[in-house]
**Q** 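For reference, the structure I am asking about is given below.
All residue numbers refer to positions in the sequence shown, counting from 1. Counting convention: from 1, in listed order, for ligands and their atoms alike.
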Amino acid sequence: MNTFKSDNLFKEALRYIPGGVNSPVRAFKSVGSSPLFITKGIGSKIIDVDGNEFVDYIGSWGPHLFGHNPPFIKKAILDAIENGTSFGAPTELEVKIAKLISELVPSIEMVRMVNSGTEATMSAIRTARGYTGREKFIKFEGCYHGHADYFLIKAGSGALTLGIPTSPGVTKGNAADTLLADYNNIDSVKKLIKQNKNEIAAVIIEPIAGNMGVVRASDIFIKELRQICDQEKIVLIFDEVMTGFRVAQGGAQELFGIKPDLTTFGKIIGGGLPVGAFGGKKEIMEMVAPSGPVYQAGTLSGNPLAMAAGYAALSYIKNHSEIYTILEEKSAYLENGIKDNFKLLMKNYSLNRVGSMSTLFFVEEEVNSFKTAIKSDTVLYGKYFNEMLKRGIYLAPAQFEAAFISTEHSKEDLDKTIKANFESLSFINY
Ligand SMILES: *Cc1c(COP(=O)(O)O)cnc(C)c1O
């Protein structure tokens, strides 16, 4: 594989951008190689500056449920741009998208649009604190909720991959209000609540974690979490930035049949443009300015282009609920192919999957917590990643991430991936 142009661009990028990238995991650091510079995405494929083509399982880290540049989203953006790019004033589309979100996700009575998942989660926590008049909150080890200071404590995703789950620059004061519980372990939550009686504003969780690799919370765990939050008047926040509109029309909460008090969104909700949102119970959301005293604002929030892309994506989802069956079929096909390879190679790696998000862990035991996830052999993952890349398969350049399938992944793409998986696993285990 020729990567001449990418390598040169990366050298230049390193001079002007920290680590050469605008978001850490893009740098391929944990897999011991250097990043490819991408020029184009079409459907399930991406093409780099050297003309190499890949079947893409990153999908811009989650947003591309319909593959790259789907014609209906492209058209929506082009139509919107005719009228201007930003007004800083209300538009009709903002009302329509808010209404549509509340139709798709029944726990959402009111919603505020923001520009990223990070903004959504930090605003949700502030709102929960304002609503309860309490300061502490519980997060789970290995969950990632964006890069606000008080979330960067035992965080997942790039923070975990790069060995900085708790970041310098986060003050002791900021860290003090973040309480850490074990994923899928209700006793760890009960213990914290007991120790901090009437001081906890919120529990925030990825109901299906994607940022320590894919790890699903158990039904009983989520149910008990809901009960405890009700008893203790704690705001339960589902961070569905990744799972929202990915695992079902109504997100992970639809799969669990549990209504959180607040939900955060991002990724798919913007149709590939920078968007986030937080919403939930009217009583809580009315705390947000200007209807309430909790301040939250954004110069470009509800941006017309971003709303056009997001509205196109969500309308498509509303009118085509069959896509979740199609995604499940494609994803199951790939899972079965990979598991057949495991049998042939006599490997018993953990492959976790919920709908179209999955992670292959290089550990031969069930991964159902942060502690089991980090047992995965990340050196082996790095080798696997590079072998797959050579064979035209673009996976996340880090173990603790999800692989995403889009509606555009064809049987041919999946067969190519299964073949590459067999060859790569054989190669790295030789
Ligand atoms: C991606 C992600 C975020 C952060 O969203 P950004 O748009 O990157 O700020 C927060 N929570 C979860 C669960 C995510 O997957």
Side-chain angles (χ1 to χ4, degrees), residues 21-27 57-65 105 112-126 137 139-162 165 167 178 183 202-217 222 236-247 251-253 255-256 260 262-279 296 298 300-301 303 306 309-310 313 352 354-359 370 373 396 398-404:
V21 289
N22 280 316
S23 195
V25 278
R26 292 180 197 171
Y57 287 93
I58 300 185
S60 190
W61 302 92
H64 293 325
L65 190 65
V105 189
R112 168 67 56 89
M113 303 307 295
V114 295
N115 306 291
S116 68
T118 294
E119 267 189 68
T121 52
M122 71 179 211
S123 307
I125 286 287
R126 187 184 307 132
F137 74 92
K139 84 173 275 286
F140 295 87
E141 226 181 341
C143 283
Y144 179 70
H145 304 293
H147 64 89
D149 285 353
Y150 44 80
F151 287 130
L152 288 181
I153 294 149
K154 294 271 175 97
S157 191
L160 175 58
T161 300
L162 299 174
S167 171
T178 305
Y183 201 78
V203 171
I204 186 167
I205 186 166
E206 294 182 67
I208 298 162
N211 291 293
M212 50 176 138
V214 174
V215 179
R216 191 190 194 280
I222 291 291
L236 177 60
I237 306 172
F238 277 7
D239 181 354
E240 298 227 41
V241 170
M242 188 183 290
T243 52
F245 315 105
R246 162 70 56 189
V247 295
Q253 52 198 269
L255 298 185
F256 285 107
L262 293 179
T263 304
T264 56
F265 297 104
K267 299 187 173 129
I268 291 172
I269 209 173
L273 266 64
V275 183
F278 67 105
Q296 196 285 324
L300 290 168
S301 293
N303 172 266
N352 280 0
V354 181
S356 57
M357 50 192 275
S358 65
T359 300
F370 176 73
Q399 169 71 80
F400 305 109
E401 303 290 347
F404 300 108

**Q** Restricting to non-hydrogen atoms, name the atom on Ser116 and the atom on Val114 that form the minimum distance, rounded to 0.1 Å.
**A** O-CG2, 3.5 Å
**Q** Using a strict 4.0 Å cut-off to heavy atoms of Asp239, name the atoms of ligand 1 that fall inside it.
**A** 10 (C), 11 (N), 12 (C), 13 (C)
**Q** Would Arg112 and Gln296 count as having a side-chain donor-acceptor pair, cut-off 3.5 Å?
**A** yes
**Q** Has ligand 1 got any nitrogen or oxygen that is less than 3.5 angstrom from a nitrogen or oxygen of Glu206?
**A** no
**Q** Is any N or O atom of Gly117, backbone or side chain, closer than 3.5 Å to an N or O atom of ligand 1?
**A** yes
**Q** Would you please test Tyr150 and Lys139 for side-chain contact (heavy atoms from CB on, under 4.5 Å) and show each step?
**A** CA-CA 10 Å; Tyr150 44 80; Lys139 84 173 275 286; over 6 Å; no
**Q** Protein non-hydrogen atoms only, distance under 4.0 Å: does atom 9 (O) of ligand 1 have such a neighbour?
**A** yes
**Q** Would you mind listing which atoms of ligand 1 come within a distance below 4.0 Å of any non-hydrogen atom of Ser116?
**A** 7 (O), 9 (O)
**Q** Ignoring hydrogens and geometry, is there a side-chain-to-backbone donor-acceptor pair from Gln399 to Gly213 under 3.5 Å?
**A** no
**Q** Checking Thr264 against Asp239: is there a side-chain donor and acceptor pair closer than 3.5 Å?
**A** yes
**Q** Relative to ligand 1, is Thr264 under 4.0 angstrom through side chain, backbone, both or neither, heavy atoms considered?
**A** neither
**Q** Check this for me - ligand 1, Thr118, N or O atoms closer than 3.5 angstrom, yes or no?
**A** yes
**Q** Looking only at distance, does His145 have an N or O less than 3.5 Å from an N or O of ligand 1?
**A** no
**Q** Which protein non-hydrogen atom lies closest to atom 3 (C) of ligand 1, naming both residue and atom, and how far is it?
**A** Val241 CG1, 3.7 Å
**Q** Answer yes or no: is there a donor N or O on one side and an acceptor on the other, between the side chain of Thr359 and the main chain of Val214, under 3.5 Å?
**A** yes
**Q** Could you pull out the closest heavy-atom pair between Phe151 and His145, with the gap in Å?
**A** CD1-O, 3.5 Å
**Q** May I ask which of Glu401, Lys267, Met242 has a heavy atom nearer to atom 2 (C) of ligand 1 than the others do?
**A** Lys267
